[in-house]
Enquirer: 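Have a look at the structure that comes next, please.
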Amino acid sequence: MENIILAASATPALGFFGWIIIGGLAGWIGSKIMGTDEQMGIFANIGVGIVGGFLGGWVFSLFGIESGGKWFSFLTCLIGACLFLYILKLVTGKK
């Protein structure tokens, strides 16, 4: 059991470039889902994904959901990016 705990604690964090990649992918897929991909470039996708990560993490924490890992982080960013794009559509009035 102790080896499992040591292996889990030795897992490196994503780091700056990891968050850029996950944010970019989540923002791009989120813009595809929300139908805004034609209006966005790579930097906007990265920004939407990163903001979506913060938004998704905040929403999940309201429900008491706190977990880690690369896949959960990606899912959090993706859900947050879709929510962020939905809110932007509501505010700007774009269809």
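For the single chain, residues carry numbers from 1 onward in sequence order. The figures here come from the full heavy-atom set of this structure, side chains too, leaving out hydrogens, waters and symmetry mates.
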Enquirer: Shared ILVMFWY cluster between Trp71 and Ile65, side chains joined below 4.5 angstrom?
Expert: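 The answer is no; the residues belong to distinct hydrophobic clusters.
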Enquirer: Under the rule for side chain to side chain contact (heavy atoms under 4.5 Å, CB included), what residues qualify as partners of Ile46, not counting sequence neighbours?
Expert: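 For Ile46, the residues satisfying side chain to side chain contact (heavy atoms under 4.5 Å, CB included) (neighbours in sequence not counted) are Ile20, Ile42, Ile50.
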Enquirer: Of the non-hydrogen atoms in Ile29 and Phe74, which two are nearest, and what is the gap between them?
Expert: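 Where Ile29 meets Phe74 most closely, the heavy atoms are CD1-CZ, 3.7 Å.
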Enquirer: Between CG of Leu78 and NZ of Lys32, what distance do you get to the nearest 0.5 Å?
Expert: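 That separation rounds to 13.5 Å.
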Enquirer: For Ile21, give me all partners under side chain to side chain contact (heavy atoms under 4.5 Å, CB included), at least two apart in sequence or on another chain.
Expert: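 In terms of side chain to side chain contact (heavy atoms under 4.5 Å, CB included), with neighbours along the sequence ignored, Ile21 is linked to Leu25.
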Enquirer: Please, which pairs that meet ring pair (Phe, Tyr, Trp, His ring centres under 6.0 Å) have at least one residue in residues 32-64, sequence neighbours excluded?
Expert: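 Those involving residues 32-64 are Phe60-Phe72.
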Enquirer: With a 4.5 Å cut-off on side-chain heavy-atom distances among I, L, V, M, F, W and Y, is there a chain of contacts connecting Val48 to Leu90?
Expert: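 Linked within one cluster.
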Enquirer: Any donor-acceptor pair under 3.5 Å linking the side chain of Lys89 with the backbone of Thr36?
Expert: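 Side chain of Lys89 to backbone of Thr36, a donor-acceptor pair under 3.5 Å: no, none is there.
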Enquirer: Mind listing the closest non-hydrogen atom pair of Gly49 and Ala81 along with its distance?
Expert: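 For Gly49 versus Ala81, the nearest heavy atoms are CA-CB, 4.4 Å.
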Enquirer: Heavy atoms, side chains only, cut-off 4.5 Å: are Ile22 and Phe17 in contact?
Expert: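 No - every pair of side-chain heavy atoms lies 4.5 Å or more apart.
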Enquirer: Would Ile33 and Leu85 count as a side chain to side chain contact (heavy atoms under 4.5 Å, CB included) if you check the C-alpha gap in whole Å, the side-chain angles of each, and the deciding distance to 0.1 Å?
Expert: CA-CA 10 Å; Ile33 291 171; Leu85 289 170; over 6 Å; no
Enquirer: Quick one: closest heavy-atom pair of Cys77 and Gly53, and the distance?
Expert: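 Closest pair (atom of Cys77, atom of Gly53, distance): SG-CA, 3.6 Å.
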